**Student:** 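Structure in structure tokens, see below.
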Amino acid sequence: MRIDFLFWRECPSHPEARALLRDVMEERGVEADVVEREVLTQAEAQELAFPGSPTIRVDGRDVDPAGAGGRPALTCRIYHLPDGRSSPVPSREQLEEALA
């Protein structure tokens, strides 16, 4: 399993998302390579189809498929949680499902 953790430094939520990912991996006993990549330019955002920070992909699949198609940009990402609320990080459930 490969996990890509893409982030833009100007977005303040990436440390929270990184900690949540680490917690869920530990709780689930998931051992995987986590490749962190800072997206620095709009050209990189385009190349990586980066819909905002943070973006987490497991084996190439976004943990929030509904939000994966957003316009590539150096911006903070908004996750739509299962209960309808918005969040700057994915839900624990979204991560658990992606890591299953």
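Since the model is a prediction, treat every value here as computed from it, not as a measurement.
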**Student:** Give the minimum heavy-atom separation between Pro54 and Ser13, together with the two atoms involved.
**Tutor:** CD-OG, 3.5 Å
**Student:** Considering residues at least two apart in sequence or located in another chain, which fulfil the side chain to side chain donor-acceptor pair (under 3.5 Å) criterion with Asp83?
**Tutor:** Arg85
**Student:** What residues form a salt bridge (Lys or Arg N to Asp or Glu O under 4.0 Å) with Arg9, not counting sequence neighbours?
**Tutor:**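 Checked Arg9 against salt bridge (Lys or Arg N to Asp or Glu O under 4.0 Å); matches are Glu38.
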**Student:** Could you report the tightest heavy-atom contact between Val58 and Ala98, atom names first, then the distance?
**Tutor:** CG1-O, 3.6 Å
**Student:** Do you know the tightest heavy-atom contact between Ser53 and Cys11?
**Tutor:** O-SG, 3.3 Å
**Student:** List the residues meeting salt bridge (Lys or Arg N to Asp or Glu O under 4.0 Å) with Arg18, not counting sequence neighbours, and say none if there are none.
**Tutor:**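 Arg18 satisfies salt bridge (Lys or Arg N to Asp or Glu O under 4.0 Å) with Glu36 only.
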**Student:** Can you name the closest pair of heavy atoms from Cys76 and Pro12 and give their distance?
**Tutor:**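 Closest approach of Cys76 to Pro12, heavy atoms only: SG-CD, 3.9 Å.
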**Student:** Of the non-hydrogen atoms in Pro51 and Arg77, which two are nearest, and what is the gap between them?
**Tutor:** CG-NH1, 3.4 Å
**Student:** Could I get the full list of ring pair (Phe, Tyr, Trp, His ring centres under 6.0 Å) partners for Phe7, not counting sequence neighbours?
**Tutor:**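 Partners of Phe7 under the ring pair (Phe, Tyr, Trp, His ring centres under 6.0 Å) test: His14.
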**Student:** For Arg92, give me all partners under side chain to side chain donor-acceptor pair (under 3.5 Å), at least two apart in sequence or on another chain.
**Tutor:** Glu27
**Student:** Taking NZ, NE, NH1 and NH2 as the nitrogens, is one of them in Asp64 or Arg57 under 4.0 Å from a carboxylate oxygen of the other?
**Tutor:**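 The answer is no: the pair does not qualify as a salt bridge.
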**Student:** Step by step, work out the side-chain contact (heavy atoms from CB on, under 4.5 Å) result for Glu93 and Leu81.
**Tutor:** CA-CA 9 Å; Glu93 292 78 17; Leu81 303 180; over 6 Å; no
**Student:** Of the non-hydrogen atoms in Pro90 and Val63, which two are nearest, and what is the gap between them?
**Tutor:** CB-CG2, 4.0 Å
**Student:** Listed by chain and number, what are the salt bridge (Lys or Arg N to Asp or Glu O under 4.0 Å) partners of Arg37, not counting sequence neighbours?
**Tutor:**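 Testing Arg37 for salt bridge (Lys or Arg N to Asp or Glu O under 4.0 Å), a comparison that skips the adjacent residues, returns Glu44.
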**Student:** Test Asp62 against Thr55 for side-chain contact (heavy atoms from CB on, under 4.5 Å), laying out the working first.
**Tutor:** CA-CA 7 Å; Asp62 198 290; Thr55 290; 3.5 Å; yes
**Student:** If you look only at pairs with a residue in residues 76-100, which of them pass as a ring pair (Phe, Tyr, Trp, His ring centres under 6.0 Å), with sequence neighbours excluded?
**Tutor:**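 Qualifying pairs: none.
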**Student:** Just to verify, what does Glu16 make a salt bridge (Lys or Arg N to Asp or Glu O under 4.0 Å) with, not counting sequence neighbours?
**Tutor:** none
**Student:** In the hydrophobic clustering (ILVMFWY, side-chain contacts below 4.5 Å, transitive), which residues join Phe50, or is it alone?
**Tutor:** Leu6, Trp8, Val39, Leu48, Leu74
**Student:** For Glu47, which residues count as a side chain to side chain donor-acceptor pair (under 3.5 Å) partner, sequence neighbours excluded?
**Tutor:** none
**Student:** Can you name the residues that form a side chain to side chain donor-acceptor pair (under 3.5 Å) with Arg2, not counting sequence neighbours?
**Tutor:** Asp4
**Student:** Among all residues two or more places apart in sequence or in another chain, which pass the side-chain contact (heavy atoms from CB on, under 4.5 Å) test with Ala73?
**Tutor:** Gln42, Arg71, Thr75
